[in-house]
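Right, one structure below, let's go through it.
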2 protein chains.
Amino acid sequence: MAEEAEGAEEPVKKKRGVGRPRRVDTETIVATARRILTEEGVAALSMRRVAKEVGTTPMALYHHVRDKDDLLMLTLSGTAATTPRPELPAEPRERLLAVSLHMHDTLARLPWVVEVLGLGDLTDKGALWMVEEIVGAGIDCGLTPADAVRAYRTIWHCVYGDLVFRQAMRRRAEDPDRKRYFPDMLTEADADELPHLAALAGRWDELTEDYDVAHQLGAVVDGLLGRAERAPTSPG
Amino acid sequence: MAEEAEGAEEPVKKKRGVGRPRRVDTETIVATARRILTEEGVAALSMRRVAKEVGTTPMALYHHVRDKDDLLMLTLSGTAATTPRPELPAEPRERLLAVSLHMHDTLARLPWVVEVLGLGDLTDKGALWMVEEIVGAGIDCGLTPADAVRAYRTIWHCVYGDLVFRQAMRRRAEDPDRKRYFPDMLTEADADELPHLAALAGRWDELTEDYDVAHQLGAVVDGLLGRAERAPTSPG
DNA sequence: ACCTGAACACCGTTCAAGT
DNA sequence: ACCTGAACACCGTTCAAGT
């Protein structure tokens, strides 16, 4: 029984390179795509590249996936399971914040996942526990189930937005001859129309780097919980 | 000489199909790209397509823009000016909310802009008044300038996230044979591990459609303003 | 059922050469 | 300075045919 479980669990990989190309199975295709994404990012993934690395023709892939977007979504499944599930505080507001931050910090290490998530689907079953915890904690804080879902969505937007623009910032930092726009585009003449921005221009980069998602999420959660925030969180 | 001036000022367009192609200028290139983006979206934009519509070779474009990303960023300039600037309430918290919503509603009508903004730069000078107003309103509500910038960034993440996933939802709705993942992936067996999600699965689509950015932003702003929210906003 | 070969209609960008 | 032609090294996807 131990062996059976072991064999069923083990991913196939390209163990036998000798014989003629074998029939490919969907999991090999998805796993290969996931490896390319992890190592080189979304821009490096092409159907032809996956086919080549799997040892088949591009068209063979279309027997297992509908199209490239479908393949991208399939690569998400199982990624949440690669990060251990943390211990969570019992107090619901703290639990809500802890899960939100766990979500953020996990994804910050998986830049390709952020790009694929923009396609908009929750496809990794192993990630649903985070949604469950956030919604559950919201309810425990006094929100209605519907409001807890709305709160989850808003928190997700904050997390996702931070990740997207953090990645954009990193890309820009890596390409040194990239043009800068804001705040460099501001001239002295703009100080009349845009006084605060003109005053802050010199500190903009510093403020961008200082941006602390954890702190901001704390404030956002306070707002989302509203009056429920001050409801008695009975200390035992 | 009159002809020379006429030719120089007037945007070229394809008025004269007869003669050999004229020298192209950057603004024509950018305007053509912007038209393609407006009419057909980011996926339809290619350097070759722009070159063809401008009446030149792909390589001529590289004399005016660094690369495709650069062209994309240049297309943003001037788009904010296409939406009239609204009257804003005087009360700072309401002004903050009104500008944030104006930002959202403007971009909801410009889906290609949302895609390009993911590149991460504020390139349209005509859009900066919104940042100025949000930061200014934050300061008027009692935030420090630094906290007002952080608040602006968090609000922007909420706005951007909503737009991205709203667009993804629309895309999915337009492709009827696209696979659905959540909540369809939930089985009865998941009700143990994911009780709230299982209970809410049937209402998920309804809750997604009901999501009201204005309402959520109101809560987020409350949280961001924190105690300053109740500070006296001296009426004179 | 699953896979292949060839083809269609494209990409972004470099390079050396022209005017 | 500005533009061109040809080339390089790719794309996603369709179709008809093979086993």
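A, B, ... follow the sequence lines: proteins, then strands. Residue 1 opens every chain. The basis for the numbers below is simple: all heavy atoms, side chains too, and nothing from hydrogens, waters or symmetry mates.
To the nearest angstrom, P of D:dC3 lies 13 Å from CE of B:M47. Per the geometry, CZ belonging to A:R49 stands 12 Å off P belonging to D:dG12, to the nearest Å. Rounded to a whole Å, the NZ atom of B:K68 is 15 Å from the P atom of C:dT14. Between the CG atom of A:L61 and the C1' atom of C:dT4 there is a distance of 12 Å, given to the nearest Å. Between the P atom of D:dG12 and the CG atom of A:D69 lies a distance of 11 Å, rounded to the nearest Å. The separation between A:L71 atom CG and D:dC11 atom P is 14 Å, rounded to whole Å. Atoms CD1 (B:I29) and C1' (D:dC2) sit 11 Å apart, rounded to a whole Å.
Taking CG from A:L72 and CG from A:L76, the interatomic distance works out to 8.0 Å, rounded to the nearest 0.5 Å. For the atom pair CZ of A:R34 and CG of A:L45, the computed distance is 12.0 Å after rounding to the nearest 0.5 Å.
For the P atoms, the distance linking C:dA9 with D:dA9 amounts to 24 Å, nearest Å.
Applying the ring-ring contact (aromatic ring centres under 6.0 Å, His included) criterion to A:H196, with sequence neighbours excluded, gives no partner residue. Among residues two or more places apart in sequence or in another chain, the side-chain contact (heavy atoms from CB on, under 4.5 Å) test is passed with A:A214 by A:L101, A:D212. Remark: A:H63 engages no residue in a side-chain contact (heavy atoms from CB on, under 4.5 Å) (not counting sequence neighbours). Legend: residues meeting salt bridge (charged side-chain N to carboxylate O under 4.0 Å, His left out) with A:K179, ordered by chain and number and at least two apart, are B:D70. Listed by chain and residue number, A:R178 satisfy the salt bridge (charged side-chain N to carboxylate O under 4.0 Å, His left out) test with A:D175 (two or more places apart in sequence, or in another chain). For B:R166, the salt bridge (charged side-chain N to carboxylate O under 4.0 Å, His left out) criterion is met by B:D162, not counting sequence neighbours.
OP1 and OP2 of C:dC2 both lie 4.0 Å or more from every side-chain N or O belonging to A:H64. Residue B:T56 places at least one side-chain N or O closer than 4.0 Å to OP1 or OP2 of D:dT4. For D:dT4, neither phosphate oxygen OP1 nor OP2 lies less than 4.0 angstrom from any side-chain nitrogen or oxygen of B:H63.
Where DNA chain D pairs in unbroken runs of 3 or more (Watson-Crick or G-U, both distances under 3.5 Å), the stems are C:4-8 with D:12-16, C:12-16 with D:4-8.
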Would you tabulate the pairs of protein nitrogen or oxygen atoms and nucleotide nitrogen or oxygen atoms of nucleotides 5-9 of chain C closer than 3.5 angstrom?
none

Taking N or O atoms only and anything under 3.5 Å, show me the protein contacts with nucleotides 16-18 of chain C, one pair per line.
none

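Out of C:dC3, D:dT13, D:dC3, the shortest distance to the side chain of A:D67 is found at D:dT13.
The residues B:R85 and B:E133 are annotated as salt-bridged, a charged nitrogen and a carboxylate oxygen being separated by less than 4.0 angstrom.
Applying the side-chain hydrogen bond (donor to acceptor under 3.5 Å, both in side chains) rule to pairs touching residues 74-84 of chain A yields A:T79-A:D124, sequence neighbours excluded. Within the structure, ring pair (Phe, Tyr, Trp, His ring centres under 6.0 Å) contacts touching residues 157-189 of chain B (residues at least two apart or in different chains) are A:W156-B:F165, A:H157-B:F165, A:Y160-B:F165, A:F165-B:H157, A:F165-B:Y160, A:Y211-B:H157, B:W156-B:Y160, B:F182-B:W204. Sorted by first and then second residue, the pairs that involve residues 36-46 of chain A and meet side-chain hydrogen bond (donor to acceptor under 3.5 Å, both in side chains), not counting sequence neighbours, are A:E40-A:R49.
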